[in-house]
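Comments concern the structure below.
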Amino acid sequence: MRIWIDKLRRDRTLAPDAYRQLLATEDADAVDYLHRQAREVALSQFGHDIYIRGLIEVGNRCRNNCLYCGIRAANPSVARYELTKEEILDCCRHGHELGFRTFVLQGGERRGRYRMWEDVVSTIRATWPDCAITLSLGEMTREEYEGLRLAGADRYLLRHETYNADHYRMLHPEQMSRENRLQCLQWLKETGYQTGTGIMVGSPGQTIDCLVEDILFIGRFRPQMIGIGPFIPQHDTPLGQCKAGSADLTLRLLSIFRLMFPSALIPATTALATLLPDGKARGILAGANVVMPNLSPAACRSSYALYDNKAAAGTEAAEGLDLLKQELDKIGYRISMVRGDYRPTD
Ligand code: SAM
């Protein structure tokens with residue numbers, strides 16, 4: 001197994017069967033070696049600096065019905081909210097004072113909101129020219145992505161969730177299309193965003209072969225950001241009785257992507273920290289270099305309930321920056337307050 005890991009570090013790619021073996025192996029020493037190699041590569045790129053992003057959950061109204069997601073349109077049990085422009089700006093102001101230099105605006109997908117987002121993005125751009133703006137608002141038209149880029153957005157996160165067509169169909173209703181999601185990713189790249197994609201690990205119906213397809217897709221797409229988090233059931237959704245994805249597999253994938261893409265921006269996700277009390281540290285020690293504390297108004301956090309028991313306090317909260325610093329310090333890392341843009345180093 002070590003031969004494959006060394007080869008991945010050197011060549012940044014492997015044959016599909018080698019990925020399959022890395023994902024399936026029960027050899028704990030090999031997995032440890034994989035994480036160590038990924039950690040070394042992350043250290044060579046970023047030193048002990050961890051970039052922080054202020055996550056603003058702008059609203060949980062959504063027109064989609066992803067079968068796994070707690071804010072799906074058909075969930076009547078979630079209290080819906082939508083932040084106003086002023087509330088979003090207040091979050092940015094608070095975040096800027098705390099030292100954040102990237103704001104991530106994430107929310108449910110809605111039609112007819114383009115003008116509002118254009119206004120919000122251009123106001124943030126004008127008010128805090130030193131900050132990066134990341135959007136995660138779902139699928140739009142090419143013109144809309146282009147317009148928001150011109151308004152000042154720098155980055156966009158849009159996980160493809162799963163590359164396998166049959167698996168995609170198991171997780172999404174008929175009205176949603178994998179082809180459109182992949183098309184959106186292409187548009188995001190073409191319109192000049194630092195583009196992020198990624199997957200949920202362990203979503204119902206996912207096999208090791210599906211994950212290999214995801215690795216191969218990400219290898220071809222070459223995103224600047226890669227979001228890898230475990231699936232966690234939300235009790236009001238059709239997949240609410242399924243079991244959560246594996247933290248171990250999530251960490252393996254994280255390390256594989258670090259070896260494939262040394263300079264990519266890879267977060268230790270909230271979902272991982274929800275499954276493992278030390279998920280943030282484990283993610284960083286497996287090669288992650290970004291964390292995204294929550295800057296949303298405290299009153300809304302429990303309503304952005306993508307999955308059960310979503311971590312939102314302590315080091316997950318922007319107010320918990322001191323705690324986060326202590327947690328990182330314990331493993332020899334520190335918060336970096338810079339914008340933390342993608343910088344290709346090769
Ligand atoms: N609407 C935007 C979009 O479609 O990209 C952003 C919001 S969406 C809720 C953000 C991410 O949450 C999704 O890409 C998905 O991977 C993740 N997510 C949703 N439900 C989840 C669950 N049950 N477990 C883990 N992650 C989940």
Side-chain angles (χ1 to χ4, degrees), residues 42 46-60 70-71 81 83 87-107 124 128 130-134 136 155 157 196 225 227-230 232 234 244 247 250-251 254 265-340:
F46 307 103
H48 290 88
D49 287 347
I50 299 297
Y51 296 146
I52 54 167
R53 319 306 199 188
L55 176 64
I56 306 173
E57 293 161 339
V58 294
N60 65 358
I71 64 167
Y81 74 93
L83 298 187
E87 286 171 326
I88 295 172
L89 296 179
D90 283 346
C91 293
C92 296
R93 198 166 296 119
H94 178 52
H96 197 264
E97 282 163 10
L98 290 172
F100 286 89
R101 293 296 177 266
T102 291
F103 304 123
V104 181
L105 275 50
Q106 188 184 90
I124 297 176
W128 295 283
D130 55 334
C131 291
I133 304 172
T134 304
S136 179
R155 310 182 192 133
L157 300 172
M225 303 176 284
I228 307 294
I232 304 177
Q234 201 285 344
T250 304
L251 290 165
L254 208 155
L265 303 164
I266 304 182
T269 57
T270 302
L272 183 60
T274 299
L275 277 194
L276 296 177
D278 57 348
K280 209 175 285 311
R282 298 270 298 274
I284 290 166
L285 294 174
N289 73 312
V290 173
V291 295
M292 296 171 60
N294 199 320
L295 261 183
S296 312
C300 301
R301 288 185 198 170
S302 61
S303 299
Y304 199 76
L306 307 183
Y307 43 82
D308 290 338
N309 306 316
K310 180 166 156 271
T315 58
E316 288 301 321
E319 313 77 63
L321 270 191
D322 284 339
L323 272 180
L324 179 61
K325 281 179 190 156
Q326 287 166 25
E327 196 170 310
L328 295 185
D329 188 53
K330 278 191 210 147
I331 54 167
Y333 286 77
R334 59 181 171 251
I335 283 175
S336 164
M337 294 293 195
V338 300
R339 273 175 56 124

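- Contact record, Leu272 with Gly279: CD2-O, 3.5 Å, taken as the closest heavy-atom pair.
- In this structure a side-chain-to-backbone donor-acceptor pair under 3.5 Å is missing from Ser296 to Ile56.
- Between the CD1 atom in Ile133 and the SG atom in Cys92 there is a gap of 7.5 Å [rounded to 0.5 Å].
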- List the steps and the verdict of salt bridge (Lys or Arg N to Asp or Glu O under 4.0 Å) for Arg334 and Asp329. CA-CA 6 Å; Arg334 59 181 171 251; Asp329 188 53; over 6 Å; no
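- Closest approach of Pro267 to Met292, counting heavy atoms only: CB-SD, 4.3 Å.
- Note that the CG atom of Leu324 and the CD1 atom of Ile50 stand 9.0 Å from one another [nearest 0.5 Å].
- Remark: side-chain polar atoms of Tyr307 are paired, donor with acceptor, to backbone N or O of Ala271 under 3.5 angstrom.
- In this structure, CZ on Phe100 lies 11.0 Å from SG on Cys131, to the nearest 0.5 angstrom.
- In terms of modelled atom types and a separation under 3.5 Å, the side chain of Lys310 and the main chain of Tyr304 share a donor-acceptor contact.
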- Go through the steps to decide whether Arg155 and Thr102 satisfy the test side-chain hydrogen bond (donor to acceptor under 3.5 Å, both in side chains), and finish with yes or no. CA-CA 10 Å; Arg155 310 182 192 133; Thr102 291; 3.1 Å; yes
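- Between atom CG of residue Asn294 and atom CD of residue Glu319 there is a gap of 8.0 Å, rounded to the nearest 0.5 Å.
- With a 4.5 Å cut-off on side-chain heavy atoms, Gln106 and Leu55 count as touching.
- Closest approach of Ile52 and Pro293 over heavy atoms only: CB-CD, 4.4 Å.
- Atom CG of Asn309 sits in a sparse spot, with 12 or fewer heavy atoms from other residues, nucleotides or ligands closer than 6.0 Å.
- A donor-acceptor pair is defined here as one N or O able to donate and one able to accept, closer than 3.5 Å; such a pair exists between the side chain of Thr274 and the backbone of Ala311.
- The CG atom of Leu295 sits 12.0 Å away from the NE2 atom of His96 when rounded to the nearest 0.5 Å.
- Of the possible polar contacts, one joining the Asn60 side chain to the Ser303 backbone as a donor-acceptor pair under 3.5 Å is found.
- Taking CZ of Arg339 as the start and CZ of Arg101 as the end, the distance is 11.0 Å to the nearest 0.5 Å.
- Residues Asp49 and Asn289 are not in side-chain contact: their nearest non-hydrogen atoms beyond the backbone lie 4.5 Å or more apart.
- Between Ala312 and Ala317, the closest heavy-atom pair is O-CB, 3.5 Å.
- Counting only heavy atoms from C-beta outward, the side chains of Ile88 and Arg93 never approach each other to under 4.5 Å.
- The shortest heavy-atom contact between Gly283 and Leu254 is O-CD2, 3.9 Å.
- The heavy-atom pair separating Ile228 from Thr250 by the smallest distance is O-CG2, 3.7 Å.
- Only one option out of Leu157, Val290, Ile266 pairs with Met225 in a side-chain contact (heavy atoms from CB on, under 4.5 Å); it is Leu157.
- Proximity of a side-chain donor or acceptor of Arg301 to a complementary backbone N or O of Glu57 within less than 3.5 Å is not detected.
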- Item | Glu327 vs Tyr333, side-chain hydrogen bond (donor to acceptor under 3.5 Å, both in side chains): CA-CA, chis, key distance, verdict | CA-CA 9 Å; Glu327 196 170 310; Tyr333 286 77; over 6 Å; no
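- Taking the six-membered ring for Trp and thresholds of 30 and 60 degrees, Tyr51 and Phe46 have ring planes more than 60 degrees apart, a perpendicular arrangement.
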